[in-house]
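Written out below as structure tokens is the structure these notes cover.
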Amino acid sequence: MKNIRIEYFAVLREQAGLDSETLSTAAETPQQLFAELNERYAFPQLQSVKVAINDEFADMQTPLHDGDAVVFIPPVAGG
Amino acid sequence: MKNIRIEYFAVLREQAGLDSETLSTAAETPQQLFAELNERYAFPQLQSVKVAINDEFADMQTPLHDGDAVVFIPPVAGG
Amino acid sequence: MLQFAIQDADLQPDQWRQELLDPACGGYASFEGWVRNHNDGEDVLRLEYQAYAALALKEGQRILAEAAEKFPIAHAKCVHRTGALEIGGMAVWVGVSGGHRDECFQACRYIIDEVKHRVPVWKKEHYRNGDSGWVNCEACAAGGDHDNGHRHD
Amino acid sequence: MLQFAIQDADLQPDQWRQELLDPACGGYASFEGWVRNHNDGEDVLRLEYQAYAALALKEGQRILAEAAEKFPIAHAKCVHRTGALEIGGMAVWVGVSGGHRDECFQACRYIIDEVKHRVPVWKKEHYRNGDSGWVNCEACAAGGDHDNGHRHD
């Protein structure tokens, strides 16, 4: 098990009902972690979701390490 | 003979040494009028010259009428 | 100067324009994104912008560096607003100065296009009919297809 | 609102921008032409703009009308300066507001391009070496070929 800090934004924040949390998880990748969170929070279906690990864009298959900070990024809509 | 008022701008004003003048001329068209003025003032050679009659763009072959106001337009360079 | 920023206070383009002045520059192009009173057939009352600031600043700065590499500009600055905005409010500002107008226009357009697609900022629209929705979020906004890249200015 | 103007006093973009505000508009693009300290390899000290005002106003207004016909913009304004300008001075300003950024950028670019080619305004450059010349005038400017459309911003 590893400790992962997760920060939520936009629709994910609204659905999770919190800004951030630290989770003890067996997930090996962001993909697995997102599936785990989705079971808990039942996020709305998104066209796409990207991920950032430690404030840099990363692949959904990147191995997660203990202490990583993860942010899932729904489709952006700035401007 | 017709009386034509001519206004000068930019390099033509500088070369003619005046802002405007009224000329009695036999010129039938702006083309002929420009040739007549060129003999008098020896304008520098221009890539092109356009003409306005009574504050609207016109053709160099447009017939001139008594009382017309004519402006010869060297290549523009705004902005 | 290449600078991307995010702020929760009103944008100040008149002030930032001064930072881009340069005696070697013959052109200055700018863009402002304003909150419209309608979108996708819905009357919009107000908007709310949220940013993942740490990553947004990095990505924004990368976009400005790309613009300066692609086009021979001198300076570029972009600032994105977060928080609540009323109709007519300014959500984003881009300013570019350079030797000639061509590179200024191209870089300015490049920056705003990339910022809209890549910088992690989200907006929630509040509609007259009481609904609200995060733009580009399929399941939460009324009216469906939010996949049209030209709809959100 | 579509308005072209010429004035002998400093341009006031901050003020004119306000005239283009519109709750139905999501975008605003603007361009400023600044006096550069060099052109064609020469050090420029100052510039002087002269306009054939009666025709310039008509032609400028026509250009704005064309822009509004070609692109679905809401408002556009363009003001050209005449008289003496120092380095860094603003010679021309264009502002466009519309529903989306695409039409704003395109109309803004169209307007400045057409204004530079069609509106009867001339500029005389005064160089550090003491020479001066009317830009685009073959025989009066030092250094010859002034037929390059991308040189004068």
Side-chain angles (χ1 to χ4, degrees), chain B residues 3-23 29-31 33-65 67-79, chain D residues 4 6 31-36 39 47-60 62-63 78-82 85 90-94 111-125 132-141 144-149 151-153:
Chain B
N3 287 307
I4 302 289
R5 183 181 160 80
I6 305 156
E7 200 175 354
Y8 297 103
F9 289 98
V11 65
L12 301 181
R13 176 180 294 186
E14 224 165 70
Q15 186 68 16
L18 32 81
D19 290 6
S20 66
E21 62 183 326
T22 299
L23 216 72
T29 64
Q31 183 95 57
L33 178 58
F34 191 73
E36 182 183 330
L37 295 169
N38 203 19
E39 275 192 31
R40 184 182 313 195
Y41 297 120
F43 293 135
Q45 200 182 335
L46 298 169
Q47 286 167 32
S48 70
V49 62
K50 292 179 180 173
V51 70
I53 301 176
N54 303 324
D55 295 339
E56 277 299 352
F57 284 113
D59 193 275
M60 287 293 267
Q61 306 306 332
T62 310
L64 288 175
H65 299 98
D68 277 348
V70 172
V71 177
F72 291 103
I73 300 173
V76 305
Chain D
F4 183 87
I6 291 178
F31 177 79
E32 300 177 9
W34 296 344
V35 175
R36 284 196 296 165
N39 192 17
L47 265 87
E48 201 184 315
Y49 285 86
Q50 207 177 83
Y52 170 14
L55 184 56
L57 291 174
K58 287 183 190 174
E59 190 69 357
R62 275 192 285 261
I63 290 168
C78 177
V79 187
H80 206 298
R81 179 81 152 70
T82 54
L85 273 98
M90 200 188 309
V92 61
W93 172 86
V94 184
I111 292 165
I112 187 64
D113 284 355
E114 295 297 309
V115 164
K116 277 168 178 273
H117 286 107
R118 290 164 48 187
V119 171
V121 173
W122 301 270
K123 67 179 163 196
K124 185 176 187 174
E125 293 181 334
S132 67
W134 290 94
V135 176
N136 281 358
C137 171
E138 254 181 4
C140 27
D145 177 21
H146 271 68
D147 202 12
N148 180 337
R151 286 227 338 283
H152 302 297
D153 267 304

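Order of the sequence lines fixes the chain letters, A, B, ..., with proteins taken first and strands second; residue numbering starts at 1 for each chain. Predicted model, so just to flag it, every value in this text is computed and none were measured.
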Tell me, for [X] versus chain B, whether the close heavy atoms (under 4.5 Å) come from the side chain, the backbone, both or neither.
X	answer
D:V121	both
D:A51	backbone
D:Y49	side chain
D:E48	neither

Less than 4.5 Å apart, any side-chain heavy atom of [X] and any of [Y]?
X	Y	value
B:T62	B:V51	no
D:F31	D:V115	no
D:W122	B:P74	yes
B:Q15	B:Y8	no
D:F4	D:I63	no

Which atom of B:M60 lies closest to which atom of B:P30, heavy atoms considered: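 Heavy atoms of B:M60 and B:P30 come nearest at O-CD, 3.2 Å.
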B:F43 versus chain D, the contacting section by heavy-atom distance below 4.5 Å: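 No part of it gets close to chain D.
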Of the backbone (N, CA, C, O) and the side chain (C-beta and beyond), which part of B:E56 lies under 4.5 Å from a heavy atom of chain D, both, or neither?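 Both parts, backbone and side chain.
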Among D:K58, D:R118, D:R81, D:M90, single out the residue with the greatest number of heavy-atom pairs under 4.5 Å to chain B.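 That would be D:K58.
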